[in-house]
Every structure is written in C-alpha cells, then in structure tokens.
Novice: 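Sending over a structure as structure tokens; questions will come in a sec.
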Amino acid sequence: RKVDLVYTRVRTEEKLLLEALRRRDCAVNLVQDSGMVLSMDRQRDTEADTVLMRSMSFTRARYLATFLEMKGLRVLNSARTISLCGDKALTSAALAAKGVPMPWAFVAFDEDACLDAIDAKGYPVVTKPVLGSWGRMVARLDSRTAAEGVLSTRFGTGGAQDHVALVQEYVDKPGYDLRVYVIGRAVGGLRRRSEHWITNTARGAVPERYEVPVVHAKLAEAAAEAVGGDMVAVDLLETRGGDIYVNEINHCVEFARSIDETGVPLPDLIAEYIVSGAGG
Ligand code: ADP
Ligand code: ZN
Ligand code: MG
C-alpha cells in the first residue's frame with residue numbers, strides 16, 4: 001500500500017506509526033499539513049491510495065479529509081468522523097441519534113437562555129468549548145454566580161462561531177475516567193486517575209492499566225460506529241453507582257504518554273488496519 005501520513009508535527013505517535021507501516025512494506029510519504037494546497041477538482045497530486053490524517057488542527061484535518069476524499073482517496077479517519085468528533089456538540093447529537101448512553105447535554109446560543117436552562121436543571125453542571133482538547137477551558141459550574149462568570153466570558157469574547165455553550169450533566173466519577181481504543185474493534189484501553197475532576201493525561205492524570213470489560217468494549221464500539229470512526233479513542237465516564245456514559249470521541253488518537261501502561265500495541269494495530277484495506 002501507498003500511504004500519505006499527513007502531520008502537523010512529527011511527534012512520538014507519528015514516528016511509531018511511520019515505523020509500523022514501513023515494517024509492513026507500506027510506501028509512506030510524510031506530508032506536512034501547512035504545505036498542502038488542494039485544487040477543487042478530482043485531480044490527484046499523489047501516488048498514495050490511503051491517507052492517514054494526523055493533522056493536529058481541526059480546521060486543516062476536516063478540510064483536507066473532505067478534499068482528499070473528493071479526489072477518491074481513502075482517508076482515515078474519514079471527513080465525516082473528523083467533523084463529528086472534532087465538535088463536541090455534533091458528537092453528542094450523533095451519539096443521541098443512535099441511543100448511545102451519555103451525560104445529558106444541551107446546547108444554547110445566548111447567555112440568558114443558557115443560564116435559565118442551567119437553573120432549571122440544577123447545579124453542578126459542566127460546560128466546555130465545542131472545539132477543544134487536552135481539558136482546556138472545561139469548567140464545572142457549582143453555582144449560578146460561577147455560571148454567570150463563565151458564560152459572560154463565553155458570550156462576551158470571540159466571534160459568532162464561539163457563541164455556543166455546550167452544557168452537560170456533571171458526572172461524579174470515582175477518581176478516574178476510562179479510555180477505550182477502537183481500531184475497527186475495541187482493542188484495549190487505559191484508566192486515567194487524578195485527584196482533579198479533569199482527568200486528561202495532558203493535565204497530569206496518571207495512566208493505569210485497565211482490562212476493558214465486554215460491556216465497556218461494546219459501548220465504545222457503538223460510540224465509534226455512531227460517528228463512523230475507524231480508529232478512535234472513546235472516553236467513558238463511570239458514575240459512582242457503576243453506570244457508564246460516553247463523554248467524547250477523539251479522532252486523532254494520542255498514545256505517547258500511555259503506551260507503556262496500556263500494553264496495547266496501537267501503532268501496529270493501526271498499521272494492520274490500514275494494510276487490511278478496511279474503513280475509510
Ligand atoms: P477534552 O477534549 O478537552 O479532553 P473532555 O470532554 O474529554 O474534553 O473533558 C476533559 C476531562 O474533563 C474529561 O476527561 C473528564 O475527566 C472531565 N469531564 C469532562 N466532562 C465531564 C462531565 N460532564 N462530568 C465529569 N467530568 C467531566
Ligand atoms: Zn478531546
Ligand atoms: Mg477528553
């Protein structure tokens with residue numbers, strides 16, 4: 001197979017993916033997203049049949065995947081998956097459409113309307129930017145005054161595209177959340193433990209080994225299917241009562257901080273999936 005690996009920066013992940021693909025006799029070209037200029041026609045300027053989309057920019061990943069698919073290439077993950085996973089409001093809608101269990105959530109476009117809706121639900125709730133990652137600007141609102149502060153910033157700064165509030169049920173987790181990797185099927189996962197309620201490893205949570213039970217694997221696979229994801233990381237929130245919800249789906253799987261703990265050979269699994277010709 002001929003693969004174009006589209007990247008923003010060649011991180012540990014991209015190095016390991018490149019090696020895993022080359023071990024399987026794939027011809028891999030590294031293509032930096034910033035240098036790509038794509039014409040709006042079906043003409044291809046690559047020999048590749050498959051594109052592994054590893055751009056760290058949602059804007060670039062979504063447009064590039066869309067245009068490369070238009071040119072007839074197999075893109076992993078697909079443009080549809082990237083569009084749905086990159087926007088948390090659209091992820092929630094896709095999950096809801098398939099009846100996948102998730103925290104209750106709503107979207108509002110006006111400060112007062114949002115405050116009224118939160119008041120009706122009761123505190124605490126969580127709000128987060130629809131576009132974002134690594135736990136940035138995820139906020140728990142414990143009171144009306146906290147909500148007023150956060151929402152006045154949300155609606156008083158930025159442009160029209162920023163003036164949307166995603167509000168979720170606050171899930172009182174037992175000190176960790178769970179991540180299940182779905183590469184065609186659930187292949188493993190990790191537990192992220194933290195003293196803080198925000199459990200991103202980018203924010204200091206400690207990755208731990210986690211044998212994924214069948215119910216969690218099935219839930220993660222249902223979530224991946226709801227967004228058409230070929231290779232995704234599905235984040236699950238467990239309640240203290242043992243219920244389990246899907247929180248988000250990450251389309252550009254990061255694993256450098258946790259590869260030792262999980263014992264899941266993600267670069268090999270991803271490379272095998274690409275070689276198999278599945279998905280896209
Ligand atoms: P990001 O894309 O920035 O990782 P997440 O939605 O995954 O955004 O939120 C980051 C972290 O915050 C999660 O891993 C989880 O620990 C915590 N978190 C997010 N939403 C909730 C929620 N509704 N209830 C409880 N914890 C949450
Ligand atoms: Zn995320
Ligand atoms: Mg997350």
Side-chain angles (χ1 to χ4, degrees), residues 13 54-59 61-62 77 81-96 100-108 114 117-118 121-142 146-147 150 154 162 164-182 189-208 210 216 219-220 223-224 227 229 231-258:
E13 283 89 349
R54 296 288 308 178
S55 172
M56 293 164 69
S57 151
F58 177 50
T59 304
R62 185 166 58 116
N77 281 295
T81 300
I82 292 168
S83 302
L84 292 176
C85 294
D87 181 315
K88 289 179 169 68
L90 296 185
T91 310
S92 299
L95 293 173
V100 179
M102 58 178 202
W104 61 251
F106 63 77
V107 168
C114 190
I118 297 173
K121 284 288 194 183
Y123 297 85
V125 296
V126 172
T127 184
K128 54 184 92 166
V130 292
L131 316 183
S133 56
W134 301 330
R136 288 172 301 191
M137 291 184 280
V138 175
R140 187 172 84 193
L141 310 178
D142 291 325
V150 168
R154 172 79 39 81
D162 303 305
V164 47
L166 172 64
V167 177
Q168 277 187 338
E169 172 182 0
Y170 170 66
V171 178
D172 185 20
K173 308 183 289 299
Y176 58 79
D177 76 352
L178 304 166
R179 167 164 290 190
V180 179
Y181 297 110
V182 179
L190 76 145
R191 187 182 285 116
R192 303 184 293 183
R193 189 174 293 281
S194 178
E195 307 271 292
H196 200 282
W197 72 275
I198 297 177
T199 54
N200 295 72
T201 53
R203 296 268 296 250
V206 178
E208 294 178 352
Y210 147 60
H216 294 185
L219 179 60
V227 296
M231 36 185 74
V232 292
V234 181
D235 290 351
L236 306 178
L237 301 177
E238 203 170 15
T239 68
R240 287 181 194 268
D243 289 330
I244 184 100
Y245 297 121
V246 175
N247 178 42
E248 70 151 347
I249 308 172
N250 297 283
H251 59 82
C252 190
V253 178
E254 292 179 1
F255 48 81
R257 281 193 198 78
S258 52

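Scope of the values below: all heavy atoms of this structure, side chains included, with no hydrogens, waters or symmetry mates. Remember, it's 1-based here, ligands and their atoms both numbered in the order they're listed. Everything quoted here is computed from the prediction, not taken from an experiment.
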Novice: Among all protein heavy atoms, pick out the one at the shortest distance from atom 7 (O) of ligand 1; state its residue, atom name and that distance to 0.1 Å.
Specialist: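 Checking every protein heavy atom, the shortest distance to atom 7 (O) of ligand 1 gives E248 OE2, 2.9 Å.
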Novice: Is a donor on one side and an acceptor on the other found under 3.5 Å between the side chain of T81 and the backbone of V227?
Specialist: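 Such a contact is found between T81 side chain and V227 backbone.
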Novice: Nearest heavy atom to atom 27 (C) of ligand 1 wins, so pick from Y245, W197, Y176.
Specialist: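 The option holding the nearest heavy atom is W197.
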Novice: List ligand 1 atoms under 4.0 Å from Y170, heavy atoms only on the residue side.
Specialist: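 Listed by number with element: 24 (N), 25 (C).
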Novice: Among the heavy atoms of R140, does any lie under 4.0 Å from an atom of ligand 1?
Specialist: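 Judged by the 4.0 Å heavy-atom criterion, R140 does not count as contacting ligand 1.
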Novice: Just which atoms of ligand 1 are under 4.0 Å from any heavy atom in L237?
Specialist: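 Contacts of ligand 1 toward L237, numbered from 1: 21 (C), 22 (C), 24 (N).
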Novice: Quick one: does ligand 1 sit under 4.0 Å from the side chain of K173, the backbone, both or neither, non-hydrogen atoms only?
Specialist: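 It is the side chain that gets close, since no backbone atom is under 4.0 Å.
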Novice: Got the closest protein heavy atom to atom 3 (O) of ligand 1, with its distance?
Specialist: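 Answer for atom 3 (O) of ligand 1: G135 N, 2.6 Å.
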Novice: Check each of N247, T201, V234, N250 against R179 using the side chain to side chain contact (heavy atoms under 4.5 Å, CB included) test, and report the only one that passes.
Specialist: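 So the option named by the test is N250.
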Novice: Whether the side chain of R192 engages the backbone of G204 through a donor-acceptor N/O pair (distance < 3.5 Å, no angle test) should be reported.
Specialist: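 Absent.
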Novice: Apply side-chain contact (heavy atoms from CB on, under 4.5 Å) to the pair D142 and R140, showing each step before the final yes or no.
Specialist: CA-CA 6 Å; D142 291 325; R140 187 172 84 193; 3.0 Å; yes
Novice: Considering only the protein, which heavy-atom contact is closest to atom 8 (O) of ligand 1, and what is its distance?
Specialist: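 I find the closest protein heavy atom is K88 CE, 3.3 Å.
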Novice: Between atom CG of L90 and atom CG of L166, what is the distance when rounded to the nearest 0.5 Å?
Specialist: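 Interatomic distance, L90 CG to L166 CG, rounded to 0.5 Å: 10.0 Å.
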Novice: Nearest 0.5 angstrom please: I198 CD1 to R203 CZ, how far?
Specialist: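 The CD1 atom of I198 sits 4.0 Å away from the CZ atom of R203.
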Novice: If you round to the nearest 0.5 Å, how far is CG of D172 from CD of E238?
Specialist: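 The distance works out to 12.0 Å.
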Novice: Short list, please: which atoms of ligand 1 are under 4.0 Å from a heavy atom of T199?
Specialist: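 Matching atoms, with element in brackets: 14 (O), 15 (C), 16 (O).
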Novice: Just by distance, no angles: are the side chains of R154 and T127 close enough, under 3.5 Å, to form a donor-acceptor pair?
Specialist: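 Short answer, yes.
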Novice: Can you pull out the closest protein heavy atom to atom 20 (N) of ligand 1? Residue, atom name and distance to 0.1 Å, please.
Specialist: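 For atom 20 (N) of ligand 1, the nearest protein heavy atom comes out as K128 NZ, 2.9 Å.
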Novice: Would you call F106 and S92 a side-chain contact if the rule is heavy atoms closer than 4.5 Å?
Specialist: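 No, their side chains stay 4.5 Å or more apart.
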Novice: Looking only at protein heavy atoms, identify the closest one to atom 5 (P) of ligand 1 and say how far it is in Å.
Specialist: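 Residue, atom and distance for the closest contact: N247 ND2, 3.5 Å.
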Novice: Could you check atom 4 (O) of ligand 1 against the protein and tell me its nearest heavy-atom contact, residue, atom and distance included?
Specialist: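 Protein heavy atom at minimum distance: N200 ND2, 2.8 Å.
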Novice: From the Zn ion (ligand 2) out to just under 2.8 Å, does an N/O/S atom of N250 turn up?
Specialist: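 Within the cut-off used here (under 2.8 Å), N250 does place an N, O or S atom near the Zn ion (ligand 2).
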Novice: What atoms of ligand 1 come within less than 4.0 Å of a heavy atom belonging to D177?
Specialist: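 Here the atoms of ligand 1 in question are 13 (C), 14 (O), 15 (C), 16 (O).
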Novice: Less than 3.5 Å apart, any donor N or O on the side chain of T59 or R62 sitting next to an acceptor on the other?
Specialist: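 Result is no, nothing qualifies.
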Novice: Ligand 1 and I198, any nitrogen or oxygen pair closer than 3.5 angstrom?
Specialist: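 For ligand 1, there is no N or O atom that lies under 3.5 Å from one belonging to I198.
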Novice: For ligand 1, which atoms have a heavy atom of W134 less than 4.0 angstrom away?
Specialist: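 Ligand 1 atoms under the 4.0 Å threshold to W134: 1 (P), 3 (O), 4 (O).
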Novice: Considering the heavy atoms of E169, write down every atom of ligand 1 situated less than 4.0 Å from one of them.
Specialist: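 Here the atoms of ligand 1 in question are 22 (C), 23 (N), 24 (N).
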Novice: Show me which atoms of ligand 1 lie under 4.0 Å from any heavy atom of G132.
Specialist: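 Those atoms are 2 (O).
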Novice: Nearest 0.5 Å, what's the CD-CG distance between Q168 and L237?
Specialist: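 Going from CD on Q168 over to CG on L237, the span is 7.5 Å.
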Novice: Under 3.5 Å, N or O to N or O, is N250 touching ligand 1 that way?
Specialist: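 No, no N or O pair falls under 3.5 Å.
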Novice: Enter the distance from Y245:OH to T239:OG1 here, rounded to the nearest 0.5 Å.
Specialist: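 If I round to the nearest 0.5 Å, the distance is 6.0 Å.
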Novice: I'd like to know: is the Zn ion (ligand 2) within the 2.8 Å range of an N/O/S atom from E248, strictly under that distance?
Specialist: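 Coordinating: yes.
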Novice: What are the protein N/O/S atoms, named by residue and atom, that sit under 2.8 Å from the Mg ion (ligand 3)?
Specialist: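 Only E248 OE2 fall inside 2.8 Å of the Mg ion (ligand 3).
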Novice: Run the numbers for me: atoms of ligand 1, each under 4.0 Å from some heavy atom of R192, listed by number.
Specialist: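 Counting atoms of ligand 1 from 1, those under 4.0 Å from R192 are 14 (O).
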Novice: Answer yes or no: does an N/O atom from V171 fall short of 3.5 Å to an N/O atom of ligand 1?
Specialist: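 Min N/O separation from ligand 1 is below 3.5 Å for V171.
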Novice: Taking atom CD1 of I244 and atom CG of L178, what is their separation to the nearest 0.5 Å?
Specialist: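 Answer for the CD1-CG pair, I244 versus L178, is 5.0 Å.
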Novice: So is R203 touching ligand 1 or not, going by heavy atoms under 4.0 Å?
Specialist: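 So R203 does not count as touching ligand 1.
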Novice: Do I118 and Y123 make a side-chain contact, defined as non-hydrogen atoms from C-beta onward lying under 4.5 Å apart?
Specialist: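 I118 vs Y123: side chains touch.
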Novice: H216 vs Y210 aromatic rings, parallel, tilted or perpendicular, using cut-offs 30° and 60°?
Specialist: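 Tilted: the ring planes of H216 and Y210 meet at 30° to 60°.
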